[in-house]
Amino acid sequence: MIKLVTIIGARPQIIKAAALNREIQKNFFDKISEYVVHTGQHYDENMSNVFFDELMIPFPDINLKVGSGSHGNQTALMIKGIEEVLNKQKPDFLIVYGDTNSTLAGAVAASKIHVPVIHIEAGLRSFNKSMPEEINRIMCDHVSTLLFSPTKTGCENLFSEGFASNTKPPFTIDNPHVFHCGDIMYDNSLFFSTVADEKSSIIEKLELTPDEYVLVTIHRDNNTDDPERLNSIFEALNNISFAEKKTFVLPLHPRTAKLLQANLDKTLYKSIINNPFLKILPPVSFLDMIVLEKNSKIIITDSGGVQKESYFFKKPCIILRPQTEWKEIVENGTAIIADADKNKILEAFSYFTKNNDLKYPSIFGDGNAAGFICEEIIKAHSPSAVDLENS
Ligand code: UD1
Ligand code: UDP
């Protein structure tokens with residue numbers, strides 16, 4: 001039996017981990033066991049617990065309850081807690097997802113005590129090191145043993161950073177292997193799409209007309225914490241919704257909700273609160289989110305995951321960031337980078353209102369990334385790869 005320790009902490013990681021957990025329980029339960037560590041990075045009911053219930057995954061084996069804090073404080077507490085778990089559990093591999101502080105903490109803790117790291121969503125780059133996520137991605141990739149990249153671009157990024165394309169087993173931290181596996185979130189979107197249609201009543205609850213409203217998410221620190229950027233984004237949303245008489249649905253991340261009043265100009269804040277076209281909500285569950293995405297007209301977001309889901313569900317996307325790791329969707333003409341520039345947001349909105357004959361060729365795999373990853377973990381496993389007892 002191969003023993004995995006999986007690290008989750010932030011909302012998107014719980015969602016991604018659901019795909020692998022489902023695959024293990026269905027097809028690999030006799031070969032792979034999973035011990036799940038929740039760092040506690042996200043802890044509100046609607047940022048964490050809600051996903052375990054509805055995605056049909058077991059609750060974590062341990063929650064380190066690290067909570068919020070500065071990068072250093074949060075990451076340090078996670079490293080300490082994860083190291084203790086690894087020393088007790090002695091897994092064959094540690095799995096981390098994406099690019100959050102929980103990802104980095106897992107990678108640092110494991111690699112230093114010779115537990116091979118599996119990075120799912122490896123190789124993505126924004127080429128903007130002012131993003132904490134870019135630092136987390138690069139550092140995690142460079143101590144990983146098995147690197148699973150969702151896109152060809154991700155693989156190429158790794159090769160250009162010195163990863164070899166032709167390594168042979170046994171794979172180790174010094175002889176890592178890069179796999180092109182497709183996107184594990186695509187697995188989830190396919191799997192939960194019909195379940196969501198059956199179970200979610202969010203469209204009725206919010207009295208939305210399908211294909212008529214715009215879905216917006218905002219949570220990047222450079223947007224929420226910078227008043228100039230936040231004002232520019234909300235001015236654009238406020239103006240478009242009034243001018244077009246279109247409903248905008250905004251399930252707001254707690255970070256954004258907390259900073260809205262503090263960082264928006266008083267008049268704009270008042271106008272937003274009183275704007276009947278803006279529906280500002282707390283975060284929604286994944287099934288509700290999928291239904292909101294599938295029925296929207298346009299998606300406006302700074303989220304990595306939501307950008308991709310816009311593509312999965314064939315919706316035009318306006319990206320509130322200066323660049324994206326998912327450059328394929330921009331090159332495909334179905335997403336536009338508008339950054340936090342009010343005029344660019346207006347232009348992109350107007351473009352997508354007029355141009356709706358968009359094509360979405362398959363670029364995120366076949367929806368079986370989790371199955372592929374399990375197969376490769378089994379092939380790569382070797383009892384001698386990790387022997388914590390003798391280290
Ligand atoms: C983190 C990730 C980001 C990811 C996002 C997913 C890092 C550096 N950032 O950003 O890459 O896109 O998660 O959502 O790891 N808060 C709550 N309740 C919660 C969680 C957070 O109120 O359950 C508030 C706290 O005020 C906290 C703030 O949100 O200080 C930021 O949370 P944090 O986890 O540090 O970063 P995110 O912005 O969520
Ligand atoms: N999501 C959700 N409810 C929300 C907002 C987002 O379930 O209110 C889901 C979304 O569908 C996607 C994931 O959370 O699968 C993206 O997470 P987030 O935007 O927080 O982080 P990122 O992907 O940018 O790291």
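Whatever order the structure lists ligands and atoms in, that order sets their numbers, starting from 1. None of the values given here were measured: they were computed from a predicted structure.
Looking at S303 and E309, their side chains never bring a donor and an acceptor atom within 3.5 Å of each other. Using modelled atom types, one finds a donor on one side chain and an acceptor on the other under 3.5 Å when comparing K294 with S193. Side chain to side chain, E23 and N27 meet the donor-acceptor criterion of an N or O pair below 3.5 Å. Of the N and O atoms on the side chains of T256 and T224, not one donor lies less than 3.5 Å from an acceptor on the other residue.
Looking at E133 against ligand 1, only its side chain comes within 4.0 Å, counting heavy atoms. Here P12 has side-chain heavy atoms under 4.0 Å from ligand 1, and that is the only part of it that gets that close.
Among all non-hydrogen protein atoms, the one lying nearest atom 35 (O) of ligand 1 is Q74 NE2, 3.8 Å.
Short contacts between ligand 1 and N101, defined as distances under 4.0 Å to a heavy atom of the residue, involve ligand atoms 7 (C), 8 (C), 15 (O). When each atom of ligand 1 is checked for a heavy atom of M47 under 4.0 Å away, the hits are 23 (O).
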Report task. Report the C-alpha separation of K327 and T153 in whole Å, then their side-chain angles, then the decisive distance to 0.1 Å, and conclude whether the side-chain contact (heavy atoms from CB on, under 4.5 Å) test is met. Result -> CA-CA 8 Å; K327 64 174 197 170; T153 310; 3.4 Å; yes
Report task. Show the numbers, then the answer: is there a salt bridge (charged side-chain N to carboxylate O under 4.0 Å, His left out) between K308 and E121? Result -> CA-CA 13 Å; K308 275 185 296 172; E121 271 201 355; 2.9 Å; yes
Query raised in the report: Yes or no on salt bridge (charged side-chain N to carboxylate O under 4.0 Å, His left out) for K379 and E375, after CA distance, side-chain angles and deciding distance?
Result: CA-CA 6 Å; K379 283 192 229 162; E375 298 277 6; over 6 Å; no
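Within 4.0 Å of ligand 2, the residues that place a heavy atom are R11, P12, I15, F51, M185, H219, R220, P251, P283, V284, S285, F286, M289, E293, S303, G304, G305, V306, E309, listed by chain and number.
Heavy-atom proximity to atom 4 (C) of ligand 1, evaluated over K258, H219, Q41, is greatest for H219. Counting only non-hydrogen atoms, the option in H71, H42, M131, Q13 that gets closest to atom 20 (C) of ligand 1 is H42.
For ligand 1, the polar-atom distance check finds an N/O of H253 within less than 3.5 Å of one of the ligand's N/O atoms. Polar contact with ligand 1: present for R255 (N/O pair, distance under 3.5 Å). Checking only distances, T100 never comes within under 3.5 Å of ligand 1, N or O to N or O.
Cluster annotation: L281 is not connected to L252 through the hydrophobic network of ILVMFWY side chains, with a link wherever side-chain heavy atoms come within less than 4.5 Å.
Aromatic ring orientation, F286 versus F192: perpendicular (interplanar angle above 60°, classes split at 30° and 60°).
Judged by distance alone, with hydrogens and angles left aside, the side-chain atoms of D183 form a donor-acceptor pair with the main-chain N or O of M185 at under 3.5 Å.
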Please output the side-chain donor-acceptor pairs of residues 168-177 that fall under 3.5 Å, not counting sequence neighbours, one pair per line with the distance.
| from | atom 1 | to | atom 2 | distance (Å) |
| --- | --- | --- | --- | --- |
| T172 | OG1 | D174 | N | 3.2 |
| T172 | OG1 | N175 | N | 2.9 |
| N175 | ND2 | K168 | O | 2.8 |
| N175 | ND2 | P170 | O | 3.0 |
| H177 | ND1 | T167 | O | 3.2 |
| H177 | ND1 | T167 | OG1 | 2.7 |

